[in-house]
Every structure is written in structure tokens, then in C-alpha cells.
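What you see below is based on every heavy atom in this structure, not just the backbone, and it leaves out hydrogens, waters and symmetry mates. Numbers for residues simply follow the sequence, beginning at 1.
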Amino acid sequence: MLRSFRLGNHRSFRDEQELLLMPAMPGDERPAVPVAAIYGANASGKSNLLDGLYSMKSLVEGYWSHFHKSHFRLGSEDGRRPSTYVVELLLDDVRYTYGFRIESAGADGRVLEEWLYTYPEKRRRVVFERQAGGVRFGSTTTELKGKFAVLEELIQPNALLLSVCDRLQLGPLDPVYRWFTQELRVWLRNQQWEPLEVQRRVTEFVDMDAENHERLIALLRAADTGITGMVLRQEEGSNYRSVRLQHGEGAELFSLFDESAGTNNWLGLLPTVLAVLDNGWTFVVDEIDTSLHPKLVAELIGLFREQDINRRGAQLIFTTHDTSLLGTMLGDNVLDRDQIWFVGKNADGVSELYPLTDFKPRKDQNTERRYLAGGYGAVPVLGDFAEAALRR
């Protein structure tokens, strides 16, 4: 479970560019909120926040080339200004803080610092700290000293220590490595719901458990798509199966290429949503409302907010422009006050992330109306469109 994510350009956390904290409000016994919605104008930095988390995941997985899109490039002549990434996790009731400070990308990039702490009995214990001079391992990992010596030899200047821990059995590092590589799912804005990709996700999900077939059909029906059945058909002369959908009582089966963008988006989301809920993972989605009706998005959020459904503490973090989720137009509150965040840019082009709770809103306040009126910032300041469109 993700409790916080920090992204900045300085070693001091006081100078961070973006900071997403997710503990629940006082009086809530949950260690972190199950949902976090991020609002902001176009080009405000919402997607960059998720890009940063995706880059962190990619670097832990060993894909250094993914880093170049996420480092902060303003206010630096050569674009090599170091970037800092930190997550705070709660895994099996144990709290961890993992982070690193990194410079540039490619063959000439390097890790400046890396650290992993754990907090048994609310006291910080060092698992490891890495700096230019080498790696220091904590006293609680003395039984793994031999393996750590081998691990230190494997580390390259442009590779994270955590990214190579899968080669050895390293108990203290495994939970955090597993969270990044298996339990964190990040979908960015450039991952469109192309039918062949949706087809791949659906077939893999059904192969995991035959019951998943009926779960997908039930959720397609509940979304009022008109779909009443689904067939996975082996295509002649090929080694893959296609997804065919039945509408109403008709015998004709439709391919995903025949379906609307909304249907493909909904069906594409469902395998990951259900897998995340089943296992208590974290799902991060950029522009979750793409081609989806607000009521569908509200129902999707409701699956994570409903404790009888989300029994394993799964989380949904997403960006959106759908302001109807801020109010009660869709029924009861779709989002609690501690589940709403805003992103705006300052004069230097730095994104600033802040929660709705900073404004101490009343329970009866119309959050949607006040947001659109600019009461929380994070909305575009528009110019004269008619003047701009005139021929000169």
C-alpha cells in the first residue's frame, strides 16, 4: 500500500517539486486512503507526477532509458539537474521508506544516493544506504552480509541496488522490490485502448481463472453497453485468440474493432481493476475518464471505496478533468475530502501539488462549483480565444 510519493530536485524534502501524501483523515482507522484523484489544468503537471512514479518503477525494474522523460529540465543549462524519488509503503503491516537521487540518463547517468529504511515498532532501522563511497548495510541484516557483498559487486553506477536484488534471496529488500515489479500498475496517457491490446489483457485475465470470464461479462452488462456475452475464439491459422462480443439476443458476434472507444476503454480497464482489487495492489491511471461516462467512473471509484469489495486494501490513484466527481450530482459523495488533490504551476514552471484539505472545506460546501470558479487554483487562466483566432 502506497502512503506517500515524493518527487523533487533536491536532497532536502523541504524543497520537493511534488508531494503526494495519502494517509486517511483523523478518525479514519485506515493507514492510507483507497482513492486519490488529481485535478489540474492542461500542462499543469498532473501527468508528470504519474510519469515520475512510472519512472521510479521502471528504474527498479532495470529500464534506465525510461528516466529521461521525467527529470526536471527547467532552470538547468544542461538538463542534468539531479532528481529525487521517494515512496513510503505499508507492506504486510510494516512501513518502509525507499528512495534514490539520480542524475541524467543513458550510459553516462548515475545514481548519486539510494536508501531503504524500515520502521518496526515505529523506530527507523537502516536496511541500506548508498552514496558515492559505497553501500552501508544496517545491523539488522548481518546474516546476509555475504550476499550483500556479492550484490555490491553487481551494482553499476547507472543501476539501482534494488533493481538487481532479484538475483539473490534478500529478505529485507524483497517486499519493496516485489511491490514495484508486481503490485504497482501504472497506465499513462499514451497507453491507448487499442483493440489488440484490450484483447491481450482480456485473454490473459480469463486464462488466470475461468471465473473471470463471467466477471467481465457481468461488468459489461452493468455498464449498459448492450453486451450480453463474450467468446474467446481461436483464429484459424494463427496462435492467438480473438475476443468476440454478443449484443442482445442476436447470434452475430462483434470484434473489438466494431466496438466504441468507450467499450474498449471499459473492457481494457476491467482486468487490471479486478486483479488489483483481488490482490490488494495499487493502480495508477492517467486520465481515467477518457471515453467513459462520469457515472461509469464513479462506479469504478466506488469499487475501491467499498470495504466489502476492496477487502485487501487496494488503491486507485488517477488524474481527471471530470468535475462531476467532486460533487453529489452522481449521488452520494464520490470522493471524500481527503481523496482530492490539485496541481498548479508556479512562475518558474514547477508543479505544486496540494490537497483539498488545505482549504478546510465544510461538509456542505459545493466543491465542484468552487473549483471551477478558481477557489482552489489548478484551473486554466484563459485568454481571448476570438482575438487569438483572427487572421492578422
Side-chain angles (χ1 to χ4, degrees), residues 7 17-18 20 36-52 54 69-76 79 187-194 224 259-266 268-269 284-301 317-331 333-335 337 339-362 364-392:
L7 168 63
Q17 165 189 348
E18 294 172 335
L20 177 61
I38 305 167
Y39 286 85
N42 294 111
S44 62
K46 301 186 305 299
S47 296
N48 283 340
L49 176 65
L50 304 193
D51 283 347
Y54 179 70
K69 292 184 178 180
S70 295
H71 69 286
F72 189 76
R73 287 174 284 181
L74 299 178
S76 174
W187 287 8
L188 302 180
R189 62 192 180 281
N190 57 357
Q191 294 175 302
Q192 301 298 323
W193 306 120
E194 195 271 332
D224 193 27
E259 300 294 340
S260 69
T263 296
N264 273 285
N265 286 12
W266 181 243
L269 278 169
V284 179
V285 190
D286 198 8
E287 298 182 2
I288 196 173
D289 50 324
T290 301
S291 298
L292 294 180
H293 193 278
K295 282 192 173 182
L296 266 186
V297 178
E299 291 293 343
L300 182 62
I301 294 169
I317 304 168
F318 62 93
T319 67
T320 181
H321 292 288
D322 186 353
T323 60
S324 67
L325 303 175
L326 295 173
T328 57
M329 289 177 58
L330 303 174
N333 285 333
V334 178
L335 296 165
R337 289 171 294 168
Q339 298 172 354
I340 300 170
W341 292 78
F342 303 110
V343 176
K345 275 189 175 178
N346 66 20
D348 297 323
V350 177
S351 298
E352 297 179 339
L353 182 72
Y354 51 94
L356 172 64
T357 52
D358 278 359
F359 298 87
K360 298 179 172 56
R362 304 187 311 272
D364 61 346
Q365 181 173 286
N366 190 320
T367 304
E368 179 183 10
R369 181 182 301 171
R370 185 172 176 185
Y371 169 62
L372 290 174
Y376 306 124
V379 292
V381 180
L382 304 178
D384 189 330
F385 280 70
E387 175 66 21
L390 284 175
R391 286 183 178 272
R392 302 293 187 237

Asker: Just wondering, are more than 12 heavy atoms of other shown residues or ligands nearer than 6.0 Å to CD in Q365?
Answerer: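 Counting other residues, nucleotides and ligands, CD of Q365 exceeds 12 neighbours.
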Asker: How many angstroms lie between CG in L325 and CD1 in I340, if you round to the nearest 0.5 Å?
Answerer: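 Atom-to-atom, L325:CG and I340:CD1 are 9.0 Å apart.
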Asker: Main chain of P361, side chain of R337: is a donor-acceptor contact present, judged purely on distance under 3.5 Å?
Answerer: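 Between the backbone of P361 and the side chain of R337 there is a qualifying donor-acceptor contact (under 3.5 Å).
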Asker: Which atoms form the tightest heavy-atom contact between W187 and G268, and what is the distance?
Answerer: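 Heavy atoms only, the tightest pair is CH2-O, 3.2 Å.
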Asker: In the structure I gave you, are the side-chain heavy atoms of L49 and I38 within less than 4.5 Å of one another anywhere?
Answerer: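 With C-beta onward as the side chain, the pair touches.
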Asker: Please give me the minimum heavy-atom distance between Y371 and G40, naming the atom from each residue.
Answerer: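 Shortest heavy-atom separation between Y371 and G40 comes out as OH-N, 3.6 Å.
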Asker: Enter the distance from N48:CG to L353:CG here, rounded to the nearest 0.5 Å.
Answerer: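 Here the rounded value is 12.0 Å.
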Asker: Would you confirm whether S44, through its side chain, and K345, through its main-chain N or O, come within 3.5 Å as a donor-acceptor pair?
Answerer: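 No, the answer is negative, given that no donor and acceptor are paired below the 3.5 Å cut-off.
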Asker: Are the side chain of Y354 and the backbone of Y376 linked by a donor-acceptor contact shorter than 3.5 Å?
Answerer: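 Looks like yes, one N/O pair under 3.5 Å.
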Asker: Are side-chain heavy atoms of L50 and L188 found at a separation under 4.5 Å?
Answerer: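 The answer is yes, as the side chains (C-beta and beyond) meet within the 4.5 Å cut-off.
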Asker: V284 versus Y54: any side-chain heavy-atom pair under 4.5 Å?
Answerer: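 Heavy-atom side-chain distance check fails, nothing below 4.5 Å.
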Asker: Specify the closest pair of heavy atoms between E368 and T323, including all atoms of both residues, with the distance to one decimal.
Answerer: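 E368 and T323 have their closest heavy atoms at OE2-OG1, 3.0 Å.
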Asker: Quick one: pull up NE2 in H321 and CG in N42 and give me the separation to the nearest 0.5 Å.
Answerer: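 Those atoms lie 4.5 Å apart.
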Asker: Heavy atoms, side chains only, cut-off 4.5 Å: are T320 and Y39 in contact?
Answerer: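 In contact.
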Asker: Surrounding CG of D224 (heavy atoms of other residues, nucleotides or ligands, distance under 6.0 Å), is the total greater than 12?
Answerer: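 Not buried by this count: 12 neighbours or fewer within 6.0 Å.
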Asker: Show me the pairs that pass salt bridge (Lys or Arg N to Asp or Glu O under 4.0 Å) and involve residues 376-390, at least two apart or across chains.
Answerer: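 Checked against salt bridge (Lys or Arg N to Asp or Glu O under 4.0 Å) - neighbours excluded - the pairs reaching residues 376-390 are E387-R392.
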Asker: In the structure I gave you, are the side-chain heavy atoms of F318 and I301 within less than 4.5 Å of one another anywhere?
Answerer: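 In short, these two side chains touch, coming nearer than 4.5 Å.
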Asker: With distance as the sole test, does K46 use its side chain to make a donor-acceptor pair with the main-chain N or O of V343 at under 3.5 Å?
Answerer: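 No: the side chain of K46 does not pair with the backbone of V343.
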Asker: Quick check for you: to the nearest 0.5 Å, what is the distance between D322 atom CG and D289 atom CG?
Answerer: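 Rounded to the nearest 0.5 Å, the CG-CG separation comes out at 5.5 Å.
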Asker: Shortest non-hydrogen contact from G45 to S351?
Answerer: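 Looking at all heavy atoms of both residues, the closest pair is CA-OG, 3.3 Å.
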Asker: Are any side-chain N or O atoms of T367 and backbone N or O atoms of G327, one a donor and one an acceptor, separated by less than 3.5 Å?
Answerer: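 The answer is no, because no donor-acceptor pair under 3.5 Å joins these two groups.
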Asker: Is there a donor-acceptor contact under 3.5 Å from the side chain of N265 to the main chain of L292?
Answerer: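 Side chain of N265 to backbone of L292: no pair is present.
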